[in-house]
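Below is one structure, written out as structure tokens; the observations come after it.
Just follow the structure's listing: the first ligand is 1, and inside any ligand the first atom is 1. These figures come from a predicted structure and were not determined experimentally.
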Amino acid sequence: MGHWSHVDCNIYDMFCVLLVLHVVCLCLGIAIVVVILSMLWYFLQGTIKRKGTTTLPPGSSGLPFLGETLELFYASKANKVLEDFLNPRVAKYGQVFKTNLLFSPAVSLDAPEGNKFLFSNEDKLVQNSWPSSMKKLLGCGSLTTQTGKKHKLARHALTSFLGPEGLKNFMPRMHKITKAHLAEFWEGKDEIMAGTQLKRFTLSLAIDLFVSKTEGPEFHSLTHDIRTFLTGMVQLPLDFPGTMYHKARLARESILHTFDKIMSCRHKALEEEEEEEGKISTHHDLLSALMSAHDDRGHPITNEEIKDNILLVLSAGLDSTSSALAVVLKYLFLNPHCLQEVIKEQREIEVAKVGALLSWDDTRKMKYTWQVIQETMRIQPIAQMGNRLAIKEFEYGGFTIPKGWKLFWHVGRSHMSPTFFPNPKSFNPSRFEGQGPQPFTYVPFGGGPHMCPGIEFARTQMVVFLHYLVLNYEWSMVDPNEKIAMDPFPIFQNGLYLKIHQKKQPKIQ
Ligand code: HEM
């Protein structure tokens, strides 16, 4: 027995050694092939001479495949894109420079000229472009992954809901949700984690206004799935069980399933309403706006497109707005004279409306409050950057931009320039008075056909929230030096703890 088991053992050992050798050889082989391919790719990138080529912009392609993605990633995480990524390269290569980001050769454009160029050449020279990992999450039916006519139709339907005309109908619901949020999560508290609470606020408002859910199993599964989705959206696109990206993909399926259930009930309800002639629809929300949208030949938007677009606005509109609000609270706390101006403006509006609900027109009178928000987004851009794809070769700034290259624009690129914003480090909301900044120097919401369709929605939501907040509460930051990281929107590293104190007078209706 002992003898045979010894022989077995030897054979087994040899088998293991051979297996390990095989695996090592295989890995080495793969590594060598990868290195050779990378070198070839890198070489081609830097030296390719195309027919009649003039000059590529100066710059570095960085590491094979990864390019300078990691440098940008770390600078972005640390909220230092300008200081750590852009400025050193601009100093070395000039305003327009070549780089390599997200596995693609790319050019970083100057501002404001580059912004103007990109925003005015959509579908002519450039197109909005998303990596395939992001498309998998957002879906092919979402307008941001579409181009041309399809993009226009869905965008028109969205803006009819998110723009002034649509929003006017939703003011009462916006008040209700805002006041209910403050009553539940701020009232009677000494200290709160504002970052988390503001996310909760924008999420519940969106689920109500987009699909009319304020409670129940569908509301709860949506709130849970949307958070998982948003977290996974900004992770490395590693798609296997356990990764955040994979969880986001599953969350997408679950969200679409919930939308399906809501839509089938909505179809039934709409049919019943149609039968009862003259009855006004009880479902004023984004879902019904999209379900009743048609193109110029009378074709409706498909169910897939409706679901993908609602998911898109949820992904684009929640953390961006809550994050902007959090940073506004910081700057108001650090600039008490601005806070006093905001309070004065809000009191005047409150007195003038004598107990009635804020109207859309009232929100447009909140000019100084809006300037505070604008100045906040100048000093601390909310969305950091965007990119477009060159759909043909063209010249820009004396350089050749090859077809297939990406073009990056950075929101904050001109925000700290003393040429466009004198004394750029000082927090001065009044700089937005009158004409405001020069065109294309201030682009927190992007520009051109892909410009953020949620501006009015974000603005209204923020000023309504600030109205109730500044009239009812005082706050101070537990750590006024708390750092901000980007993920992908600004987040306070410890969640922005605020000490809050409820004012005795006046009590807002
Ligand atoms: C402070 C808040 C917000 C900021 C700073 C912001 C910023 C931006 C930026 C920079 C873009 C890219 C524009 C471009 O590529 O030219 C964008 C796109 C978009 N945003 Fe916003 N956004 C905010 C809030 C919202 C809200 C509240 C919604 C919806 C409810 C929304 C929906 C969208 C959509 C759907 C797109 C894609 C548009 C397209 O591709 O055509 N955003 N946003």
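- We find that Arg364 and Asp361 are not joined by a salt bridge, their nearest charged nitrogen and carboxylate oxygen being 4.0 Å or further apart.
- In terms of modelled atom types and a separation under 3.5 Å, the side chain of Thr376 and the main chain of Val328 share no donor-acceptor contact.
- For the pair Arg378 (side chain) and Pro424 (backbone), a donor-acceptor distance under 3.5 Å is present.
- Atoms of ligand 1 found under 4.0 Å from any heavy atom of Ile382 (numbered from 1 in listed order, with element): 5 (C).
- Nearest to atom 12 (C) of ligand 1 among the protein's heavy atoms is His450 O, 4.2 Å.
- Contact atoms of ligand 1 toward Leu143: 38 (C), 39 (C), 40 (O), 41 (O) (distance under 4.0 Å to a heavy atom of the residue).
- Here Trp130 has no heavy atoms under 4.0 Å from ligand 1, in either its backbone or its side chain.
- Per-residue contacts place Phe210 under 4.0 angstrom from the following atoms of ligand 1 (heavy atoms of the residue considered): 30 (C).
- Within ligand 1, counting atoms from 1 as listed, the ones closer than 4.0 Å to a heavy atom of Leu312 are 35 (C).
- Side-chain atoms of Tyr442 never come within 3.5 Å of backbone atoms of Phe420 as a donor-acceptor pair (strictly under, hydrogens ignored).
- Protein heavy atom at the shortest distance from atom 16 (O) of ligand 1 is Arg388 NH2, 2.9 Å.
- A search for side chain to side chain donor-acceptor pair (under 3.5 Å) contacts involving Lys213 returns Glu218, not counting sequence neighbours.
- Taking the charged nitrogens against the carboxylate oxygens, Lys116 and Glu113 have no contact shorter than 4.0 Å, which rules out a salt bridge.
- A donor-acceptor pair under 3.5 Å is absent between the side-chain atoms of Gln346 and the main chain of His467, judged by distance alone.
- Counting atoms of ligand 1 from 1 in the listed order, those under 4.0 Å from a heavy atom of Phe457 are 27 (C), 30 (C).
- For Lys330, the side-chain contact (heavy atoms from CB on, under 4.5 Å) partners at least two apart in sequence or on another chain are Leu334, Met477, Ile484, Phe492.
- Using a 4.0 Å cut-off to heavy atoms of Pro444, the atoms of ligand 1 that qualify are 5 (C), 7 (C), 10 (C).
- Ligand 1 does not have Gln461 within reach: every non-hydrogen atom of the residue lies 4.0 Å or more from it.
- Remark: aromatic rings of Phe85 and Phe408 are distant, center separation not under 6.0 Å.
- Applying the side chain to side chain donor-acceptor pair (under 3.5 Å) criterion to Gln197, with sequence neighbours excluded, gives Arg200.
- For ligand 1, the atoms sitting less than 4.0 Å from at least one non-hydrogen atom of Arg155 are 38 (C), 39 (C), 41 (O), numbered in the order shown with element in parentheses.
- Contact analysis leaves Phe489 out of contact with ligand 1, as no non-hydrogen atom separation drops below 4.0 angstrom.
- Atom 21 (Fe) of ligand 1 has Cys452 SG as its protein N, O or S neighbours under 2.8 Å.
- Side chain of Thr178 to backbone of Phe465: no donor-acceptor contact under 3.5 angstrom is found.
- Less than 4.0 angstrom separates some heavy atom of Gly447 from each of these atoms of ligand 1: 16 (O).
- Between Phe170 and Phe161, the ring centre distance stays below 6.0 Å.
- At a 4.0 Å heavy-atom cut-off, ligand 1 touches Thr144 through backbone and side chain alike.
- The proximity of Leu318 to ligand 1, defined as any non-hydrogen pair under 4.0 Å, does not occur for either the backbone or the side chain.
- Side-chain atoms of Leu182 and Phe201, non-hydrogen and from C-beta on, never get closer than 4.5 Å to each other.
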